[in-house]
Structure formats: structure tokens, C-alpha cells
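Accompanying notes for the structure given below.
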Amino acid sequence: MTADPLPSTDPLHAHGADTRGVVPGNVRHPPWLLISAAALAIAILLVGAVGASIDHGWQFGVERQIMLWTRHGTMHGAAIGPAWLKAAMIDITALGGVTVLTLVTVIVALFLALRQLWLTMLLGLGGTISGAIAVAVAKSLVARPRPDVVDHLVQVSSASFPSGHATSSAIVYLTLAALVMQIVPGRVVRGYIIVVAALIVGAIGCSRVYLGVHWPSDVLIGWSFGALWALMWWGIGASIRIRRAGQSVLKSSQS
């Protein structure tokens, strides 16, 4: 419901939606497609700006220090932590690999299809597949070499920026979580979904730095891009659901 105008005199003498004390429905419920476009624009600018800086030789000094810290301060030193941590990091990093991410996407899509949640399924496939293409394009444009500060604990061959594991895992896990959150009831359940997705994405990104195959900035930009990508598809999903309900954004806020 829209609040009644305040009885006090409005110095602007405004009318309609601009009346003092009135909160328009479009303010209560912002245009999700506009939010999506803004998220996409920010993501592109973020990757473009950092990628251009890297292409011109820009480098964070602290990145080298962080990577050396994971090897006790020496290039060929042993990885920090107990012996099992290395194996755990290798297992965790696999959660952001192409095979696992493809399986996760297919499993979630089939589950949604079995529940006849066709819209959520199509949005999920659209978000993850287009995200994979975006990551491949970004990597080919920047072509940043892999860090050579410490020994690599796993084999790698592609370019370093942005981190494919960090970016792709953020795109897949966060986008699917954001879309599923739109259809499940209960604040606790929705909170659980997004927290678990964020923890998985965070662990995968940290494992890439620990294993010595990515600069920290590769991971940070990957996280940022993936989160903005998920926000974009969440906005697209919200806008489509409102339109499918036969309501405008303004009508939905007044019901």
C-alpha cells in the first residue's frame, strides 16, 4: 500500500507521485532489467579496466608477497599447512573445473525439469552457458601469463586472467543459487542456499592461489564478475516472473 501524504505543507507543492510522503511503487520495487543491465555493464568495465592495466604491465606488489607466504617465503618452498591441506585444496579446486561445473548444471537442470520448473531451468542454463562463453572471451583478450613466483601444485595450460575456476564457479553456483532462491519459500532456506554457494566459491578461489596457479587479482576479479553475472540473471528472472504474472512492477507493489 502507498503511504498517505503527510499533512504538513510541502515546500515544493508537488502533486501525484511526487507528493510529500508518497513512495511510488517503482521505488519500492526497482526495475529488475535495469539492475541486470547495470550489473552486466559493471562486470564488463571491471574486467576491461583491470585487464587493460595488466596488459600494460601493472602488477600488485602484495600479490607476490601473498604467493610467497603460501610457500614459507621461498619460491620452491613447501606449501604451508599440514600435509592433508594440499590434497584438500586439490579436491576443492576440482569443484570449479569444467567437468564438475557441467555436472552440477546438468543435475540441477534435470531436477528442475522433473519438477516442471521450466522457467527456472531455462534461466539457469542461459546464465551458466552464456557465462562460460564470457569467461573464454575474457581469457583470450587479456592472455595474462600464469604466475611464476612459486611452484605450481597442479598442471595448467590456459591464460591466467581472470581465474577460470573462480569466475566459472561464481557464475554457476551463485547464478543457480540466485535463481533457485526466487522459487523456494522461507528466509532460512534461501539464506542457507546462498551462504553454501558463496562458501564453495570462496574456497575454490582460495585454492587457486594456494596451488600457485593464479595471482590473487585473477581470483578477486573472477569472484566480482561471477557475482555481478549472478545478479544480472537474478534481475532477468525477477522481471520475467513479474511480467508472466500479468502485473507491472507498480501493480505488484500495490497488491
* **Worked check of side-chain contact (heavy atoms from CB on, under 4.5 Å) between Met232 and Ile236** => CA-CA 6 Å; Met232 177 182 72; Ile236 292 173; 4.2 Å; yes
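A distance of 9.0 Å separates OH in Tyr210 from CD1 in Ile90, rounded to the nearest 0.5 Å. Summarising the geometry, atom NE2 belonging to His214 is positioned 12.0 Å from atom CG belonging to Leu220; distances are rounded to the nearest 0.5 Å. For the atom pair OG1 (Thr128) and CG (Leu174), the distance works out to 12.5 Å, reported to the nearest 0.5 Å. In this structure, CD1 on Ile193 lies 11.0 Å from CG on Leu176, to the nearest 0.5 angstrom. Rounding to the nearest 0.5 angstrom, the gap separating the CG atom in Leu119 from the CG atom in Leu123 is 4.5 Å. If you take CH2 on Trp223 and CD1 on Ile171, they are separated by 15.0 Å, rounding to the nearest 0.5 Å.
Smallest separation of non-hydrogen atoms from Ala166 and Val201: O-CG1, 4.4 Å. Heavy atoms only, all atoms of each residue included: Ile204 and Gly96 are closest at CD1-N, 3.6 Å. In plain terms, the two heavy atoms of Met121 and Ala113 that are nearest each other are SD-CB, 3.7 Å. Smallest separation of non-hydrogen atoms from Ala170 and Gly222: CB-O, 4.1 Å.
Tyr173 is listed as a side-chain neighbour of Leu101, based on a closest heavy-atom distance under 4.5 Å. The closest side-chain heavy-atom distance from Arg208 to Asp218 is not below 4.5 Å. When side chains are defined from C-beta on, Ile183 counts as touching Leu112, because their heavy atoms get closer than 4.5 Å. A 4.5 Å side-chain heavy-atom check between Trp234 and Thr175 finds every atom pair outside the cut-off. Proximity of Thr93 to Val213: side-chain heavy atoms (C-beta onward) are nowhere separated by under 4.5 Å.
Using cut-offs of 30° and 60° on the angle between ring planes, the pair Trp233 and Trp229 is tilted.
When the side chains of ILVMFWY residues are joined at heavy-atom separations under 4.5 Å, either directly or via intervening members, Met181 and Trp118 end up in a single hydrophobic cluster. Cluster annotation: Leu125 and Leu110 are assigned to distinct hydrophobic clusters (Ile/Leu/Val/Met/Phe/Trp/Tyr, side-chain heavy-atom contacts under 4.5 Å, transitive). Hydrophobic clustering of Ile, Leu, Val, Met, Phe, Trp and Tyr side chains at less than 4.5 Å, counting indirect connections, unites Ile80 with Met89. Linking ILVMFWY side-chain heavy atoms closer than 4.5 Å, directly or via other members, places Val195 and Ile92 in a single hydrophobic cluster. Under the 4.5 Å side-chain heavy-atom criterion for Ile, Leu, Val, Met, Phe, Trp and Tyr, Val180 and Leu114 are members of distinct hydrophobic clusters.
Within the 3.5 Å criterion, the main-chain N or O of Val184 finds a donor-acceptor partner in the side chain of Arg190.
Exactly one residue among Val98, Val100, Val135, Thr102 makes a side-chain contact (heavy atoms from CB on, under 4.5 Å) with Ser168. That residue is Val135.
In summary, the side chains of Arg241 and Thr120 do present a donor paired with an acceptor at a separation below 3.5 Å, with no hydrogens or angles considered.
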